[in-house]
Amino acid sequence: MTDDANAARAPSGTHDVLWPESTRWETLLALFAAQVERAGYGLAHTPIFEEVKVFRRGIGTGSDVVGKEMYEFEDRGGRMLALRPEGTAPLVRAFVQHRPALPWKAWYATPAFRYERPQAGRYRQHHQLGVEALGPADPDLDVEVVSLADGALRSVGLTDIVLKLNSMGDALCRPAYVERLRAYLAERRDALCDEHAQRLESNPLRVLDCKRPQCRQATDAAPRLVEVLCDPCAAHFARVRRGLEALGVPYRLDHRLVRGFDYYSRTTFEFASGALDAAQNGVGGGGRYDGLVEMLGGPPTPGIGFGIGIERLLLACDAEQVFAVDPPRLDAFVVDVTGGDVARDVTWRLRQAGLRADRAFDGRSMKSQLKAADRSGAAVALLVGPQEVSTRTVIVKPLRGGGDQRPVPVAEVVEAVRAARPTAGGPEGPPPTRRDVP
RNA sequence: GUGGCCGUAGCUCAGUUGGUCAGAGCGCCGGGAUGUGGCCCCGGAGGUCGCGGGUUCGAACCCCGUCGGUCACCCCA
């Protein structure tokens, strides 16, 4: 990029998604929507910003996301607001506010904002696809949600992904475990990295997912939460595991999986792409949050959900060389060298008939217009010169594949173009061509 | 927030130890007799070398600052 110093540009950490890349996004959204709606989830839109307390109470002030990464601001009325850093808390807030009938299953596609230093796969505005299911404490709901996330990732062709699974216990068994872990680690404080020696008191769980070798060593033999779950949590977790196995969803138990938000309880999970060697290889994650609704002022209501990062999912697709999506092509491109009346009328007519049609502007030469027709990817070019005008015809010239050009009466143009279309779609036009999408 | 690397035409990049160093490929625009794209040929537009300051007789090349990008840490999608 060699912009002038004063040329406008997207803010640091944000990015534009322009055509044709945007067709991948569209296709992804459509695939995702089809899968989760098939499972009874309905689309929910909530505001892009919320009162700060929605996130503070739900995610927890101890997390980095809330502590130092939120886009907070005070509006003109003195309200403290924040751009959403994730998707769960806003949806739970909406639940608390509207109290829809249970079970309530919703999905969303939304931007999320975090003030972090940008790097590969990490943006200040990124986008997430996700679902939330409120009401049932049933472990089969966990199975449903995890398998939906797994299915969403696999539906775009990803295969090199690992599902990591853990249980964080509940308010009964976790506190006891945390104390035990703290005591265990306290004896080995010197073996920990500086940072976690510090954080030992405030949040010993986080030491478990430290990547530094010394911390890994110190925690290898540490007591594991899954081994000391209370009976109900253990039974829940066992049922979840059995369900995933029954559905053929492969997973790997990971006792170090301690997700960053305070609201998680019991089942937590994360998907990592093996194709991404960057530090940001997590393409999605989620978990159960049985206390969150109460934290936001609602009645005790269990819940579980997941979020998938769109940018990271697409990066993983690039790395695995899957989910290449062809942008939709035009059915016809009108080339008119007689002043444009025919281009104007014929193009309009084709569009009215549900066909994809475009044309050249500014009265360019035939060569120029044909080049544009070629670049557009249109199936046929419709040529109009003085002779065609006088005979009220249009030359239909195939641009792709074989076939000779032939004159067609203007009155029959729509049918001629429809017949020349590469795909036999409905009157609304062909669907986007998808490659590598099962 | 901390650190490493980078910043030359729309894109990908060349630019020797500072002195025709402002270039190439692709893309874009135009042309290749008599209305017809893709291949090929010819021509053209387009950059105050991110920005500001400094060193020097002279800087795209050196120094400082700044902005942006990128990678890593932290954390996460």
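In this entry B:A22 has no Watson-Crick or G-U wobble partner, no candidate having both defining distances under 3.5 Å. Shown here, B:C75 forms no base pair; nothing in the strands shown gives a Watson-Crick or G-U wobble contact with both key distances under 3.5 Å. Base pairing of B:G46: no nucleotide in any strand meets the Watson-Crick or G-U wobble criterion (both distances under 3.5 Å). Remark: B:G7 base-pairs with B:C67. Criterion, Watson-Crick or G-U wobble with two distances under 3.5 Å.
A:T159 and A:R154 share no donor-acceptor pair across their side chains, judged by distance under 3.5 Å alone. Side chains of A:Y251 and A:R241: a donor-acceptor N/O pair is present below 3.5 angstrom, by distance only. Side-chain atoms of A:T267 and A:D142 form a donor-acceptor pair, as typed in the model, at a separation below 3.5 Å. Judged purely by distance below 3.5 Å, without hydrogens or angles, the side chains of A:R312 and A:S273 never pair a donor atom with an acceptor atom. Using modelled atom types and a 3.5 Å distance limit, the side chains of A:E86 and A:Q128 yield no donor-acceptor pair. For the residue pair A:H236 / A:D170, no side-chain donor-acceptor distance below 3.5 Å is found, with atom types taken as modelled. At a cut-off of 3.5 Å, with distance as the only test, a side-chain donor of A:E132 or A:Y289 sits close to an acceptor on the other residue.
Counting any heavy atom pair closer than 4.0 Å across all strands shown, A:I308 reaches no nucleic acid atom. Within 4.0 Å of A:R206, counting heavy atoms only, lie sugar-phosphate atoms of the nucleic acid but no base atom. Residue contacts for A:V337: at a heavy-atom cut-off of 4.0 Å it reaches no nucleic acid atom on any strand shown. Within the nucleic acid shown, A:G284 comes within 4.0 Å of sugar-phosphate atoms alone, with no base atom in reach, counting heavy atoms only.
Judged by atom type and distance alone, A:E116 reaches the base of B:A77 through a side-chain donor-acceptor pair under 3.5 Å. Side chain A:Q369 to base B:U36: no donor-acceptor pair is found below 3.5 Å. The base of B:G35 sits within donor-acceptor range of the side chain of A:E388, with an N or O pair under 3.5 Å.
In this structure, CD of A:E69 is placed 13 Å from C1' of B:C73, rounded to the nearest angstrom. Atom CD of A:Q119 is separated from atom P of B:G1 by 15 Å (rounded to the nearest Å). Here the C1' atom of nucleotide B:C75 and the CG atom of A:L205 are 16 Å apart, to the nearest Å. The interatomic distance linking A:E132 (CD) with B:A77 (P) rounds to 12 Å, in whole Å. For A:H15 and B:A77, the NE2 to P distance is 16 Å, given to the nearest whole Å.
For A:R312, the listed nucleotide lying nearest its side chain is B:A77; candidates were B:U70, B:A77, B:U36.
Residue-nucleotide stacking is not present for A:H127 and B:A77, judged by a side-chain ring centre under 5.5 Å from the six-membered base ring centre and planes under 30° apart.
Listed in residue order, the members of residues 338-350 of chain A having a heavy atom less than 4.0 Å from RNA chain B come to none.
The backbone N or O of A:D290 lies less than 3.5 Å from a partner atom in the side chain of A:S265, making a donor-acceptor pair.
Between A:Y123 and A:H15, the ring center distance clears the sub-6.0 Å criterion.
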Atom pairs under 3.5 Å: protein N/O with N/O of nucleotides 38-40 of chain B:
unit_1	atom_1	unit_2	atom_2	d
B:G38	O4'	A:D374	OD2	3.3

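Of the charged side-chain nitrogens involved, at least one lies within less than 4.0 Å of a carboxylate oxygen, so that A:R24 and A:D318 count as a salt-bridged pair.
The side chain of A:S368 places an N or O atom within less than 4.0 Å of a non-bridging phosphate oxygen (OP1 or OP2) of B:G30.
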